[in-house]
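One structure is given below, encoded as structure tokens.
Note that these values count all heavy atoms, side chains included, but never hydrogens, waters or copies made by symmetry.
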Amino acid sequence: MNQKTYPSAGSWDVLVVGKGNAALCAALAAVNQGASVAMLEAAPDAESGGNSRFAGGVMRFAYDGGKDIAKLVDLSEEELRDIDWESNTTDEFYDDLFRVTAFRTDPALSEILVTRSLEAMVWLRSQGGRFTPNYRHQSAVVDGKRHFFGRMPLWMVGGGAGLVADLTANAVKKGVKIFYDTRAVSLDYDGDKVHGVNAKGPDGMKTYSGKSVVLACGGFEANPEWRTRYIGPGWELAKVRGSRFNVGDGLKMALDIGACPFGNWSGRHAVSWERYAPEFGDLSMLESSYRHSFPLSLMINADGKRFVDEGIEFYNYTYAKYGAEVLKQPGQFAYQVFDAKTKPLLRPEYGDKQVTKVVANTLDELAAKLEGVDPEGFLKTVREYNAAVKKDVPFDHSIKDGKGTVGIDPPKSNWANVLDKAPFEAYAVTCGITFTFGGLRTVADTGQVLDVNFHKIPGLYTAGEMVGGIFYFNYPAGTGLVSGTVFGKIAGDAAGAAALAAPAAGKAAAARLTA
């Protein structure tokens, strides 16, 4: 197979492309076996970490009450005794994953994700990941007792950015070499085996040799051309929640040598996002553009109409698909409308300075202030909604309370409060895309990439967003970082073991050149 040659940048047992959570887990798993490991990161150090750096840091894993939580975070006797930690048993995890993906999730991948999630979290803690109770977003005090809800009681200290920093420090301490500003361009492939990566760094194009390569450099969410090609017209208009460097390089490299595409290539994780947020994620305002309290709101489009059942589920199970619904609206925007009764329950980012907010003392005044919204349509929608709310059902934001509406379409299934207490507030949102669901077909328990004939490609593994077949149509919150950890460790373990059992990369490369 003819391929242009470049100067050598050195040889390692394992090369990892990317530097987010999945990539770091792969690197740590490999180096823990005694393999020499290098990472190629397209971003400069200050912007490195992929989408993981922008993640909120909540973790959805299988657990059964406080005894399992105590494996991940030090709890006092009072916390174990007095807090309802809820549960996310393997059956409950399966149910959520199957339901939101319409049972399309790959059976082998989903089984590994669910059944190995707790042990992966224990391993993550051993590698420097720090967990803390998610009191801020996923709990409430009801009748004097704190309850968790949504099956995500823990998050990472410092969110995704904190996790990346902690894992990076451990990787560097263990001798992992990180090349920044080094964008992988193509695989060093001889038609049979992958021998490394051709990458463009500060000193130009070079070949980085490795006996195993792990691609963990994200999807194509920051590539407007690919978004339009695979997800559809209009998706070039979406904001990008995370890294500007995730443009599909790893997917292209793998597909170029015959790797098999797999999964929901027209699928994506997309949320309600600050309407005037920057084009890409901003590391200086990590959570400022989140608008995840929409189940308590009325979501209103430019015609003044509602367009989704805001309260059909906890936000954990709808936020990743409702961004697409906002993108479908006239002008690609909507407003989330609240009154004074629900204002105290809004997530902290609604109080940030970088919000587009309208405040009014009457609904008529609010209607006149909503830029781009038909005021008569809005007032008509609110009147019909208020009249449809079940008045005899008590409101409880910590459960699906059944306080819904009757006789309107779309309905609001839970948390339907009459809008009647001033001041009224409305927050402007658009669509923010997080990551894409399409990826590569792999051997589930090793992460090795398969070609279009379903044969293993020697030397090539993948993890993170690049694993196809897990998410379809929708996504249960908190699963991305957990999936990255589970499959990152699996790929790193397999790549490291294969590399340590193989002849030296330098000798293999020399043999190819003289053949």
Can a donor-acceptor pair be found between the side chains of Glu221 and Thr434 at a distance below 3.5 Å? no
Less than 6.0 Å separating the ring centroids of Phe220 and Trp265? yes
Rounded to the nearest 0.5 Å, the CG atom of Asp96 sits from the OG1 atom of Thr479 at a distance of 8.5 Å
For Ala334, does its backbone N or O pair with a side-chain atom of Asn301 as donor and acceptor, under 3.5 Å? no
Take Glu236 and Arg229 through the test salt bridge (charged side-chain N to carboxylate O under 4.0 Å, His left out) and record every step on the way to the result. CA-CA 9 Å; Glu236 73 278 14; Arg229 183 194 308 180; over 6 Å; no
Report yes if the side chains of Val271 and His292 come closer than 4.5 Å at any heavy-atom pair, otherwise no. yes
Just by modelled atom types, is the Arg151 backbone N or O under 3.5 Å from a matching donor or acceptor in the Glu86 side chain? yes
Does Arg275 qualify as a cation-pi partner of Phe333, given the criterion of NZ or CZ under 6.0 Å from the six-membered ring centre and within 45 degrees of its axis? yes
How about CZ on Arg146, more than 12 heavy atoms from neighbouring residues, nucleotides or ligands closer than 6.0 Å, or not? yes
NZ of Lys391: more than 12 outside heavy atoms within 6.0 angstrom? yes
Any donor-acceptor pair under 3.5 Å from Asn386 side chain to Leu419 backbone: yes
Step by step, work out the salt bridge (charged side-chain N to carboxylate O under 4.0 Å, His left out) result for Lys403 and Asp401. CA-CA 5 Å; Lys403 186 173 177 61; Asp401 60 7; over 6 Å; no
Heavy-atom nearest pair, Asp45 first then Ser48, reads O-OG, 2.9 Å
Do Tyr315 and Arg347 have a side chain donor and acceptor closer than 3.5 Å? yes
Can you tell if the side chain of Phe54 reaches within under 4.5 Å of the side chain of Asp282, non-hydrogen atoms only? no
If we ignore hydrogens and angles and just use 3.5 Å, is the side chain of Asn223 paired with the main-chain N or O of Gly248 as donor and acceptor? no
Decide yes or no on salt bridge (charged side-chain N to carboxylate O under 4.0 Å, His left out) for Glu376 and Lys380, but give the supporting numbers first. CA-CA 6 Å; Glu376 293 303 320; Lys380 180 176 184 291; over 6 Å; no
Mind checking whether Phe471 and Phe473 have ring centres under 6.0 Å apart? no
Write down the atom of Phe487, the atom of Leu109, and the distance for their closest heavy-atom approach. CZ-O, 3.4 Å
Test item: Cys217 and Asn246 side chains (from C-beta on) under 4.5 Å apart, heavy atoms: no
For side-chain hydrogen bond (donor to acceptor under 3.5 Å, both in side chains), just list the numbers for Thr89 and Asp91, CA-CA rounded to whole Å, side-chain angles, deciding distance to a tenth of an Å, and then say yes or no. CA-CA 5 Å; Thr89 64; Asp91 284 345; 5.4 Å; no
Check Arg244 with Glu47, please: is the shortest side-chain N to carboxylate O separation under 4.0 Å? yes
Side chains of Asp364 and Thr362: is there a donor and an acceptor less than 3.5 Å apart? no
Heavy-atom side-chain contact between Leu163 and Asn21 under 4.5 Å: yes
Other residues, nucleotides and ligands only: do more than 12 of their heavy atoms fall within 6.0 Å of CD on Glu371? no
May I ask you to say whether Arg306 pairs ionically with Glu384, meaning some side-chain N is under 4.0 Å from a carboxylate O? no
Going by atom types only, do Ser413 and Asp309 share a side-chain donor-acceptor pair under 3.5 Å? yes
Pair Phe93, Phe61 - check ring-ring contact (aromatic ring centres under 6.0 Å, His included), show working. CA-CA 8 Å; Phe93 198 163; Phe61 53 89; 8.6 Å; no
Nearest-0.5 Å distance, OG of residue Ser139 to CD1 of residue Ile83: 8.0 Å
How about Tyr335 and Phe378: are their ring centroids closer than 6.0 Å? no
Tell me whether Gln138 contacts the main-chain N or O of Pro153 through its side chain, where contact means a donor paired with an acceptor under 3.5 Å. no
For Ala184 against Asp249, the heavy-atom pair lying closest together: O-CB, 4.0 Å
Are the side chain of Gln332 and the backbone N or O of Lys328 linked by a donor-acceptor pair below 3.5 Å? no
Can you tell me if Lys369 has over 12 outside heavy atoms packed within less than 6.0 Å of its NZ? yes
CZ/Arg104 to OH/Tyr472 distance, rounded to the nearest 0.5 angstrom? 6.0 Å
Answer yes if the side chains of Gln354 and Ser288 hold a donor-acceptor pair under 3.5 Å, and no otherwise. yes
Would Leu346 and Phe338 satisfy side-chain contact (heavy atoms from CB on, under 4.5 Å), going step by step from the backbone distance to the final call? CA-CA 9 Å; Leu346 301 189; Phe338 307 89; 3.4 Å; yes
Would a 4.5 Å heavy-atom cut-off, applied to side chains only, mark Arg291 and Glu274 as touching? yes
Could you tell me whether the side chain of Thr436 and the main chain of Gly438 form a donor-acceptor pair under 3.5 Å? no
Looking only at non-hydrogen atoms, find the nearest pair between Val486 and Ala120 and report the distance. CG2-CB, 3.6 Å
Geometric cation-pi criterion, Arg99 with Tyr317: 6.0 Å, 45°: yes
Look at the side chain of Lys412 and the backbone N and O of Ser297, then say whether any donor-acceptor pair between them is shorter than 3.5 Å. yes
State whether the side chain of Thr485 and the backbone N or O of Leu481 hold a donor-acceptor pair below 3.5 Å, judged by distance alone. yes
For Glu41 versus Gly50, what's the shortest heavy-atom pair and its separation? OE2-N, 4.1 Å
Look at Lys343 together with Glu425 and state whether they make a salt bridge at an N to O cut-off of under 4.0 Å. yes
Please examine the side chains of Trp415 and Phe314, heavy atoms only from C-beta on, and report whether any two atoms are closer than 4.5 Å. yes
Less than 4.5 Å apart, any side-chain heavy atom of Leu24 and any of Lys19? yes
Mark yes or no for whether Glu310, through its side chain, and Met299, through its backbone, hold a donor-acceptor pair below 3.5 Å. yes
Near-ring test Tyr350/Tyr290, centroid separation under 6.0 angstrom: no
Out of curiosity, Leu118 CG to Asn88 CG, how far, rounded to the nearest 0.5 Å? 10.5 Å
Evaluation steps, salt bridge (charged side-chain N to carboxylate O under 4.0 Å, His left out), between Lys252 and Asp256: CA-CA 6 Å; Lys252 182 179 185 302; Asp256 282 347; 2.9 Å; yes
Of the non-hydrogen atoms in Lys357 and Tyr427, which two are nearest, and what is the gap between them? CD-OH, 3.3 Å
Note, Thr405 side chain near Pro411 side chain (heavy atom, < 4.5 Å): yes
First locate atom OG1 of Thr381, then atom CG of Leu298, and finally report the distance between them rounded to the nearest 0.5 Å. 8.5 Å
Output the distance between atom CZ (Arg60) and atom CG (Leu113), rounded to the nearest 0.5 Å. 10.5 Å
Could Lys200 and Asp181 be called an ion pair, given the rule that one side-chain N must be under 4.0 Å from one carboxylate O? no
